[in-house]
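Below: one structure, written as structure tokens.
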Amino acid sequence: MNVDFLAHPAEEVAPKLLGSVLTCKTPDGAVSIAITETEAYSGTADPASHAYRGRTPRNAVMFGAAGHLYVYRSHGLHWCANVVTGTDGIASAVLIRAGRVVEGEDLARKRRGAKVETPRLARGPGNFCQALGITAEHNGTDLLTGASVSLSAGEPVPAALVRVGPRVGVSRAHDWQHRFYLADDPTVSAYRLSPRAKPSAGA
């Protein structure tokens, strides 16, 4: 994986990240997860993006160089991980929604709970981060240097297996076709329309 792969708009990178592997190393050990579901967020042009109203201390990483990790807290409960894409200075990021644990399953299960079914270990953005051990301390991490959190190429995903649809749970620009996932994969999260969603124009 290199910066050239990620230096494109989020909606172009998001489907290409399917099959890629995120690895997080902590004192407890390492967990690796192959990505099976993503969502693209296009910065100031995207009403659903954290960067829609411009740069803030919270979203500053989104405006930086491609290949860094943007981590935020969702509803005060869960951490969510995004891969920054595009051009330095222009906000663009891909939310990682789900994946399949390919290394460190015992540790992921310890974090998620002994009774959690294997396909659900990293299903949903909050569960994905919990299984990996990603928290606020990883915000801004360079994913291409092989540090605490790294992104690497995985098994190629045939184009025929990639599905496209509207994003999950957002109230603005919810009908943009910026969600990408593997067909019939049990690790992919269920689609939910936000009760606050309204029709919108867009991509």
Side-chain angles (χ1 to χ4, degrees), residues 1 3 6 10 13-14 17 20-44 46 48-86 88-101 103-113 116 120-152 167-172 187 189 194:
M1 187 70 66
V3 70
L6 300 171
V13 177
L17 282 176
S20 299
V21 178
L22 264 179
T23 299
C24 184
K25 301 175 183 177
T26 69
D28 293 331
V31 174
S32 296
I33 300 178
I35 298 168
T36 60
E37 182 184 5
T38 62
E39 283 181 347
Y41 288 87
S42 306
T44 55
D46 185 347
S49 172
H50 288 178
Y52 182 57
R53 291 185 172 84
R55 184 171 182 151
T56 67
R58 181 198 187 197
N59 65 27
V61 175
M62 287 185 70
F63 287 84
H68 288 75
L69 191 69
Y70 168 50
V71 180
Y72 68 87
R73 194 79 149 172
S74 176
H75 305 297
L77 298 172
H78 309 291
W79 298 111
C80 296
N82 302 255
V83 177
V84 176
T85 66
D88 193 354
I90 301 176
S92 178
V94 176
L95 171 67
I96 309 303
R97 284 202 53 85
R100 181 181 71 259
V101 179
E103 179 185 343
E105 183 175 323
D106 289 345
L107 179 54
R109 190 174 297 283
K110 180 180 178 180
R111 290 168 173 162
R112 289 279 291 118
V116 175
R120 300 178 63 87
L121 287 174
R123 182 192 294 172
N127 295 332
F128 187 96
C129 283
Q130 186 178 8
L132 271 179
I134 288 178
T135 65
E137 68 178 271
H138 299 108
N139 187 44
T141 297
D142 187 340
L143 297 171
L144 305 179
T145 62
S148 58
V149 187
S150 60
L151 178 68
S152 59
R167 294 178 291 197
V168 177
V170 296
S171 59
R172 298 181 177 182
T187 67
S189 59
S194 169

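- Considering every non-hydrogen atom in both Arg167 and Ala48, the closest pair reads NH2-CB, 3.6 Å.
- Once rounded to the nearest 0.5 Å, the distance linking OH of Tyr41 with CE of Met62 reads 9.5 Å.
- Put simply, the side chain of Ser49 never gets that close to the backbone of Asp46: no donor and acceptor are under 3.5 Å apart.
- Shown here for Thr85 and Ser92, the closest heavy-atom pair between the two residues is OG1-OG, 2.7 Å.
- Closest approach of Tyr70 to Val84, counting heavy atoms only: CB-CG2, 4.1 Å.
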Quick one, Thr26 with Val31, criterion side-chain contact (heavy atoms from CB on, under 4.5 Å). Give me CA distance, side-chain angles, the key distance, then yes/no. CA-CA 9 Å; Thr26 69; Val31 174; over 6 Å; no
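- No donor-acceptor pair under 3.5 Å is formed between the side chain of Asn82 and the backbone N or O of Ala93.
- Listed by first and then second residue, the salt bridge (Lys or Arg N to Asp or Glu O under 4.0 Å) pairs that reach into residues 25-37 are Glu37-Arg97, Glu37-Arg179, sequence neighbours excluded.
- Put simply, the side chain of Leu17 reaches to within 4.5 Å of the side chain of Val83, judged on heavy atoms.
- Summarising the geometry of Val94 relative to Ala10, their closest heavy-atom pair is CG2-O, 3.7 Å, with the distance given to 0.1 Å.
- Rounding to the nearest 0.5 Å gives a distance of 10.0 Å between OG1 of Thr187 and CG of Leu121.
- Here the CG atom belonging to Leu6 is positioned 6.0 Å from the CG atom belonging to Leu144, to the nearest 0.5 angstrom.
- Across Val71 and Asn139, no two heavy atoms sit closer than the pair N-OD1, 2.9 Å.
- Checked by atom type and distance alone, the side chain of Arg112 never pairs as donor or acceptor with a backbone atom of Gln130 at under 3.5 Å.
- A distance of 11.5 Å separates CZ in Arg53 from CG in Asn59, rounded to the nearest 0.5 Å.
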Please assess Phe128 against Thr36 for the test side-chain contact (heavy atoms from CB on, under 4.5 Å), listing each intermediate value before the final yes or no. CA-CA 11 Å; Phe128 187 96; Thr36 60; over 6 Å; no
Under the side-chain contact (heavy atoms from CB on, under 4.5 Å) criterion, do Leu22 and Leu143 qualify, and how do the steps go? CA-CA 9 Å; Leu22 264 179; Leu143 297 171; 4.0 Å; yes
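- A side-chain donor-acceptor contact under 3.5 Å links Thr38 to the backbone of Ala14.
- With hydrogens and angles disregarded, no donor-acceptor distance shorter than 3.5 Å links the side chain of Ser32 to the backbone of Thr23.
- Separation of atoms NE2 (His78) and SG (Cys129) is listed at 10.5 Å; rounding is to 0.5 Å.
- Considering all non-hydrogen atoms of both residues, Gly43 and Ala51 come closest at CA-CB, 3.9 Å.
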Steps toward side-chain contact (heavy atoms from CB on, under 4.5 Å) verdict (Ile96, Ile33): CA-CA 11 Å; Ile96 309 303; Ile33 300 178; over 6 Å; no
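- Checked by atom type and distance alone, the side chain of Arg55 never pairs as donor or acceptor with a backbone atom of Gly89 at under 3.5 Å.
- Here the NE2-SG distance, from His50 to Cys80, works out to 8.0 Å after rounding to the nearest 0.5 Å.
- Judged purely by atom type and a 3.5 angstrom limit, Glu103 has no side-chain atom pairing as donor or acceptor with the backbone of Ala30.
- No side-chain donor-acceptor contact under 3.5 Å links Arg123 to the backbone of Ala98.
- Heavy-atom contacts from other residues, nucleotides or ligands closer than 6.0 Å to CZ of Arg109 number more than 12.
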